[in-house]
Amino acid sequence: MKKTILTIAVLYGVAALGAPYFVGDQIEKNAQQFFQNSRQQQQLAEQGIELSLKQYDKGYFSSTADIHMTASDIITGEVYYDGDFKADIKHAPLSLSGLNAANIHATGTSKPSGSVGDHVPEDFITLDARQSLIDLISGKRNIHTDLALSAVKTRIEDDTDMDFQGLNAHFTASASNTEWEDVKIEFVGLKFASNEQEADVSIKPFTINTETKSDTEVDVKLDKLDVVFNNHQDNLYITLTMNDFVESVSVLRMNDDGSLYLPSHIGLSFSNLTLNSKEDSQTGELHIEDGDFRLGFTPTEGDDYALNVKLKATPKLSGFFAEETPLQPQNIDINAQIAPFTEDYLRIKLQEIYNEVSRNPGMASNIIGSALFPMIQENAFQQDMTTKINASIDGQSGKLMTADGEIHEYLKKDSDIMNMMFDQRKIPQYLHGTKLNIFASEQFLNQTGLGAELGYAQASLIDAEGNLKLDLSITDDQVLLNGQPAPF
């Protein structure tokens, strides 16, 4: 027994003394590769971050590294933070770094500059990272990182005070990839106060978690968001509360062969959202339950794809919000599908979007939104397309609008649209096979202005209660409105 214990002790001592040499070499190699890897540095640059290794001093049990970081606005180029950090790296497993291959502690070493840096101390950012010995040996190379931003009270403008109450974040990612796989962010709180305007805005504590569902799909979850705005001078008070927010994203990402991954989608959902506003003695509230929005390309039969759009929500207005919004939907449920998009076409267009977003990631939503309609129009001229729609909007007293059916189009160029506009007898040539059933209440028609635009067809489409009822069917040679040939 004593021999066994002695043997174990000797082996432990040999490992504890010998491991730092090999681990230290690997840690230095990983660090040099990271700072010299153009792809990883490009990924950071796309987020407005530049990192440079100024010096690396390797020791036997521990090492140090001097690092410079600049964080900038990717659109305007404004520098938020520019400062130096020193990293203390303990790479003595079984002794100084315990069961980890390395423990890293980094903090600022000089007063930073920049629009944010000017107002925070040198130790505003603290980072602690660790890589387990088991992960290093097994080749996983996962790095666990804890990031802390310290609390700061400062005056950021002549009359505006900021009380930043801190932030703590935990990240898990591969040493070979700068894109975090699992993230947890605990936001402690933030308040801005303007003394001259007697106004303040506060963001209360919240937690964000990300869940990596696959190599390309990520869910971002926010438990609860509370924002409060007070303008004591104008007697205006606003609160915004949102619970169980989830952003589901299938990101535009490159496959190993250089092609874009498909399908791709984005989804936003929340259990409830409440906006309360009070101005003097008047109050108003907007409350939305079960909000859900989805947009993305999904596979259909064969090798083609469909663009799917989904919007669902249950809104409710009260107070002066209700008075200023005569048309008050109580339930919105819209589903639409546009197809087909060929895989080759999508890869070309999404590659263009991917390149543009890579250059301007802060404008991603604007870039995607502005590119979507031209994609649909361009694709329509390349092949026959079908749009399926099922939509329903309910009001306080019943249905406001419903639409259900399919639109088939065979347009090949802009002049085809002009032909239909100037000679409506040609509509069957370009839209045959279309079947669409639409209902719109008198209230919906009047408050949207659609009733005034029905023109000559109004008499045959409006019933005795003033509601629009349209059963549209387009055959190879005629257009039928509610079973009757259209008067053209």
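We're numbering straight along the sequence, starting at 1.
- With 3.5 Å as the limit, one finds a donor-acceptor pair spanning the side chains of Asp200 and Asn230.
- More than 12 heavy-atom neighbours from other residues, nucleotides or ligands sit within 6.0 angstrom of CD on Gln330.
- The salt bridge (charged side-chain N to carboxylate O under 4.0 Å, His left out) check on Asp223 picks up nothing, with sequence neighbours excluded.
- In this view, Lys111 satisfies the salt bridge (charged side-chain N to carboxylate O under 4.0 Å, His left out) rule with no residue, not counting sequence neighbours.
- Every residue was checked against the side chain to side chain donor-acceptor pair (under 3.5 Å) condition with Asp123, not counting sequence neighbours, and none meets it.
- In this structure, the salt bridge (charged side-chain N to carboxylate O under 4.0 Å, His left out) partners of Lys221, at least two apart in sequence or on a different chain, are Glu211.
- Under the salt bridge (charged side-chain N to carboxylate O under 4.0 Å, His left out) criterion, Lys191 pairs with no residue, sequence neighbours left out.
- Annotation for Lys184: atom NZ does not count as buried by contact number, only 12 or fewer foreign heavy atoms lying within 6.0 Å.
- Sorted by first then second residue, the salt bridge (charged side-chain N to carboxylate O under 4.0 Å, His left out) pairs that include residues 224-233, not counting sequence neighbours, are Lys224-Asp226.
- A donor-acceptor pair is defined here as one N or O able to donate and one able to accept, closer than 3.5 Å; no such pair exists between the side chain of Ser194 and the backbone of Thr160.
- Residues meeting the side chain to side chain donor-acceptor pair (under 3.5 Å) test with Lys86, sequence neighbours left out: Asp66.
- Sorted by first then second residue, the salt bridge (charged side-chain N to carboxylate O under 4.0 Å, His left out) pairs that include residues 284-293, not counting sequence neighbours, are Asp292-Arg294, Asp292-Lys310.
- For His119, the ring pair (Phe, Tyr, Trp, His ring centres under 6.0 Å) test picks out no residue, with sequence neighbours left out.
- For residues 190-211, the set of pairs meeting the ring-ring contact (aromatic ring centres under 6.0 Å, His included) definition, not counting sequence neighbours, comprises Phe187-Phe206.
- Within the structure, every pair that satisfies the ring-ring contact (aromatic ring centres under 6.0 Å, His included) test and touches residues 309-345, not counting sequence neighbours, is listed here: Phe297-Phe341.
- Inspection of the Tyr237 and Asn231 side chains reveals no N or O donor paired with an N or O acceptor under 3.5 Å.
- Residues passing the side-chain contact (heavy atoms from CB on, under 4.5 Å) test with Ala129 are Ile104, Leu127, Ile143, Thr145, sequence neighbours excluded.
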